[in-house]
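Have a look at the structure below before the remarks.
Worth knowing before you read on, the calculation uses all heavy atoms, side chains too, and leaves out hydrogens, waters and symmetry mates. Naming: A, B, ... by sequence-line order, numbering from 1 per chain.
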Number of protein chains: 2
Amino acid sequence: MNYQLRKQLILQTVEEKGSVEVKDLAELLQTSEITVRRDLATLSEQGLLYRTHGGAMKMSLVQAPTSFANKSTSRMAEKDYICQKASQLIQEGDVIFLDCGSTVSRLCQFIKHKRIKVITNSLPIVYELMGTEVSVNLIGGELDAERQAIHGTIALEHIARYQANKAFLGIDGISLARGLSAASEKEASIATALAQHAQEVILLCDASKLEKEAYLQFASFDMLDILITDASADKELLVKYEQKGLKIIC
Amino acid sequence: MNYQLRKQLILQTVEEKGSVEVKDLAELLQTSEITVRRDLATLSEQGLLYRTHGGAMKMSLVQAPTSFANKSTSRMAEKDYICQKASQLIQEGDVIFLDCGSTVSRLCQFIKHKRIKVITNSLPIVYELMGTEVSVNLIGGELDAERQAIHGTIALEHIARYQANKAFLGIDGISLARGLSAASEKEASIATALAQHAQEVILLCDASKLEKEAYLQFASFDMLDILITDASADKELLVKYEQKGLKIIC
DNA sequence: ACAAATTTGATTATTTTTGATTAAAAATGA
DNA sequence: TCATTTTTAATCAAAAATAATCAAATTTGT
């Protein structure tokens with residue numbers, strides 16, 4: 001019984017029962033508790049489950065019932081997959097920027113229990129993270145009711161005062177020919193500002209947005225460091241992206 | 001049964017029933033009352049429920065203006081009266097500061113339809129005014145989950161960039177001898193900053209807070225221009241306040 | 001086959017969680 | 001108001017879980 005096999009069984013059990021105990025897993029896997037603990041530590045580090053004292057739980061069960069409607073239900077599975085990958089890039093102690101947008105907001109469930117600092121202009125994200133381990137800094141400025149986010153000059157200046165380890169962006173289109181594009185100037189200016197003040201810029205982008213061009217083209221590939229997308233993306237296309245200097249996680 | 005599982009069950013029960021007792025939770029969770037109390041303390045610290053003597057309540061039942069709050073229905077009426085008077089001071093085109101606090105947030109219902117600009121650090125106010133005629137500017141900075149508001153140095157600097165016609169404050173105590181007092185330094189510093197950058201400073205204060213002194217005394221009467229209180233206030237006391245240069249609306 | 005690297009398990013501190021006991025505080029009711 | 005009851009806070013001790021350390025077993029590369 002090697003790690004890969006144990007990992008499968010652990011995740012399967014957690015998925016079925018919602019929560020498990022170290023003791024039971026040790027018996028199930030015919031191994032020692034210390035090994036189970038080591039496995040659980042690895043898996044929780046990868047964001048595949050939530051470690052509790054004495055066992056582990058399904059990630060989704062740990063979320064607080066602060067329901068602030070996330071409008072978009074399309075491509076949920078892909079977005080969750082992308083966000084789970086994204087969460088693996090985040091270490092304890094990190095300071096990260098989170099853009100507004102439906103994809104990025106799905107990242108919350110995976111980072112709730114990390115001791116990190118999140119700087120964001122998205123109100124749904126603020127609500128999701130309120131009362132969790134995460135320390136939240138809200139970008140100030142004009143409220144954009146339609147997008148439930150903060151925008152405007154003051155917001156840009158607020159961002160400029162901070163420096164983050166990583167920025168997670170969720171924009172509306174990316175194409176080889178024209179770079180990054182957004183649905184509005186407001187979103188474009190926020191994304192640009194976040195990118196400028198982060199060491200590493202990560203784009204969370206499901207495959208449907210690849211080679212799409214939205215209303216406003218506002219930046220080139222240079223702005224990005226990493227692109228995280230889902231498995232349904234065209235592999236040949238991703239190779240071309242990689243040749244442009246982008247690191248791809250898929 | 002670990003903390004995460006208990007937390008889930010507690011929040012679920014509170015959500016369903018609106019309020020719960022420590023005893024019942026102890027039995028439900030098959031644990032001791034002291035453990036339940038510790039859990040409730042943690043959860044209320046995170047702003048996920050409201051701790052009562054002997055149990056806990058849903059946050060929304062305590063704070064939300066739409067649903068009635070059992071104990072303070074009478075005080076609610078007084079707060080509404082105060083806010084209705086306050087709204088008469090607001091003209092179309094005004095730029096106003098709104099402090100966080102339960103009294104001030106009741107003002108929202110009276111200003112929803114006005115074409116004004118509101119600058120605030122209170123998240124409940126932001127949600128009330130989102131999508132209304134009012135244009136909202138949210139003060140940025142550190143999120144204080146307990147008070148559902150923004151605080152800190154950056155918030156103070158944000159405020160300093162604006163100039164408002166009027167500031168509406170809701171603080172925890174006012175007394176002839178010691179001036180204004182607040183429940184925390186954070187709230188005090190925000191109130192001070194708002195007052196400094198407004199032409200007119202208006203205190204919304206139900207009669208129960210007159211001649212009360214809260215944790216921190218932070219400013220004198222000079223800071224205020226107008227005090228709006230309810231009819232149950234001591235008239236002689238109000239005369240003394242007036243002699244100190246305060247305009248009283250009652 | 002052999003040495004190096006990895007994985008696993010046992011032992012031991014250390015930390016976290018829990019519950020019992022006490023004193024203090026708050027609600028209740030006359 | 002005051003006394004009674006209930007609830008809570010504080011302190012400590014026990015139990016459980018974990019981390020750390022080291023040694024044995026296994027795998028891997030040459």
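- To the nearest angstrom, P of dT18(C) lies 14 Å from NZ of Lys7(B).
- Relative to the side chain of Arg38(B), the nucleotides dT7(D), dT8(C), dT11(D) differ in distance, and dT11(D) lies closest.
- At the phosphate of dT8(C), OP1 or OP2 sits under 4.0 Å from a side-chain N or O atom of Arg6(A).
- Rounded to whole angstrom, the span from the CD atom of Glu33(B) across to the P atom of dT22(C) amounts to 17 Å.
- Between the P atom of dG9(C) and the CG atom of Leu29(A) lies a distance of 10 Å, rounded to the nearest Å.
- Counting to the nearest Å, the P atom of dT8(C) and the CG atom of Leu5(A) are 11 Å from each other.
- Put simply, the side chain of Glu78(A) does not reach to within 4.5 Å of the side chain of Thr229(A), judged on heavy atoms.
- The side chain of Ser32(A) has dA10(C) as its nearest neighbour among dA10(C), dA17(D), dT8(D).
- Atom CG in Leu25(B) sits roughly 14 Å away from atom P in dG19(C) (whole-Å rounding).
- Leu43(B) has its side chain out of reach of Val14(B): every pair of non-hydrogen atoms, C-beta onward, lies at least 4.5 Å apart.
- Side-chain atoms of Ile34(A) lie closest to dA19(D) of the nucleotides dA17(D), dT8(D), dA19(D).
- Between Asp39(B) atom CG and dT16(C) atom P there is a gap of 17 Å when expressed in whole angstrom units.
- Using a 4.5 Å heavy-atom cutoff, the side chains of Gln91(A) and Lys114(A) are not in contact.
- As a whole-Å value, the separation of Leu40(B) CG from dA9(D) P is 10 Å.
- For the pair Arg37(A) CZ and dA20(D) P, the interatomic distance rounds to 13 Å; values are reported in whole Å.
- Of the side-chain N and O atoms in Thr35(A), one or more sit less than 4.0 angstrom from OP1 or OP2 of dG9(C).
- At the phosphate of dT18(D), OP1 or OP2 sits under 4.0 Å from a side-chain N or O atom of Arg51(A).
- Put simply, Lys23(A) has no side-chain N or O that comes within less than 4.0 Å of OP1 or OP2 on dA16(D).
- Picking from dT17(C), dT7(D), dT8(C) the nucleotide with the shortest atom distance to the side chain of His53(A) gives dT17(C).
- Scored by the side chain to side chain contact (heavy atoms under 4.5 Å, CB included) test, Gln8(A) finds Leu5(A) as partners (sequence neighbours excluded).
- Shown are Arg115(A), Lys112(A), Lys117(A); of these, the salt bridge (charged side-chain N to carboxylate O under 4.0 Å, His left out) with Glu133(A) is made only by Arg115(A).
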